[in-house]
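Report on the following structure.
In this chain, numbering begins with 1 at the start of the sequence shown.
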Amino acid sequence: MTAKLKKTVVMVGMMGAGKSAVGRELARILGVAFVDSDAEIETAANATISEIFARDGEAFFRDKEARVIARLLGSTPSVLSVGGGAFLRADTRALISELGVSVWLKADLETLWQRVRRKDTRPLLRTANPRATLADLMAEREPSYAQADLMVDARPEYTIEDTAQKTVEAILTRPDVLH
């Protein structure tokens, strides 16, 4: 693709929706950098997300996350994947909408569960019933995700490339994103 990105495309949605995988492919298609806010936070803190949650708590993590996202939005336009809880903060949503364009990768509960159930890197799912916790998180978060600028279905039958292409199609409906 020869178009030039005018603003950062921010991938939002639940854990397991494909924000990082699809974001990487989207960045490749658009010829821009891919940035993962969780990786940026881990580098800055010299600790994993799980360690930050355990040591400092979720509120501390969310504050650090908001600052990192604000910094990344102020740099060269890229594709940015943010943690599942980042878009819940009204100030972060507003900043993303002002300086970037948010894309909600919407996946159903069963798809999300199949993708995250064997991973122990999700601190919010370290509960007695992680599937129920995931369902509760999804119900709690979807109203915030629904405020995203664009929505793309992350269907289980789609490949990463299919979902990235659907994301490109969604972005093309916004004249303010690509030159």
*Would you list the pairs meeting salt bridge (Lys or Arg N to Asp or Glu O under 4.0 Å) in which at least one residue belongs to residues 39-56, sequence neighbours left out?*
Glu40-Arg71
*asked:* Once salt bridge (Lys or Arg N to Asp or Glu O under 4.0 Å) is applied, do any residues pair with Arg67, and if so which ones, sequence neighbours excluded?
replied: none
*asked:* Whether the side chain of Lys19 engages the backbone of Gly13 through a donor-acceptor N/O pair (distance < 3.5 Å, no angle test) should be reported.
replied: yes
*Tell me, please, which residues at least two apart from Thr8 pass side-chain hydrogen bond (donor to acceptor under 3.5 Å, both in side chains).*
none
*Locate the shortest heavy-atom distance separating Ile69 from Ala86; write the atom from each residue and the value.*
CD1-CB, 3.6 Å
*Can you see which heavy atom on Ala66 is nearest to which on Thr92, and at what distance?*
CB-OG1, 3.7 Å
*Mind checking the CD-OG1 spacing from Glu157 to Thr111? Nearest 0.5 Å is all I need.*
8.0 Å
_Pairing residues for Asp36 by the salt bridge (Lys or Arg N to Asp or Glu O under 4.0 Å) criterion, not counting sequence neighbours_ = none
*Which side-chain hydrogen bond (donor to acceptor under 3.5 Å, both in side chains) pairs, counting each pair once, include a residue from residues 22-32, with sequence neighbours left out?*
Glu25-Arg28
*Minimum heavy-atom separation for Leu112 to Ala107, with atom names?*
CD2-CB, 3.7 Å
*Sequence neighbours left out, what passes salt bridge (Lys or Arg N to Asp or Glu O under 4.0 Å) with Glu98? Give chain and number order.*
none
*asked:* Has Lys6 got a side-chain atom pairing as donor or acceptor with Pro175's backbone, closer than 3.5 angstrom?
replied: yes
*Partners passing ring-ring contact (aromatic ring centres under 6.0 Å, His included) against Phe61 (at least two apart in sequence or in another chain)*: Phe53
*Can any side-chain N or O of Ser97 pair as donor or acceptor with the backbone N or O of Arg93 at less than 3.5 Å?*
no
*Contacts of Lys7 that satisfy side-chain hydrogen bond (donor to acceptor under 3.5 Å, both in side chains) - sequence neighbours left out*: Asp176
*For Arg117, salt bridge (Lys or Arg N to Asp or Glu O under 4.0 Å) partners two or more places apart*: none
*Can you pull the salt bridge (Lys or Arg N to Asp or Glu O under 4.0 Å) pairs that have at least one residue in residues 131-140, sequence neighbours excluded?*
Glu110-Arg131
*Student check: side-chain heavy atoms of Lys166 and Val22 closer than 4.5 Å*: no
*Taking Tyr145 for its side chain and Met151 for its backbone only, find out whether a donor-acceptor pair lies under 3.5 Å.*
no
*What pairs with Thr163 under side-chain hydrogen bond (donor to acceptor under 3.5 Å, both in side chains), at least two apart in sequence or on another chain?*
none
*Please name all residues satisfying side-chain hydrogen bond (donor to acceptor under 3.5 Å, both in side chains) with Arg89, sequence neighbours left out, ordered by chain then number.*
Asp63, Asp91
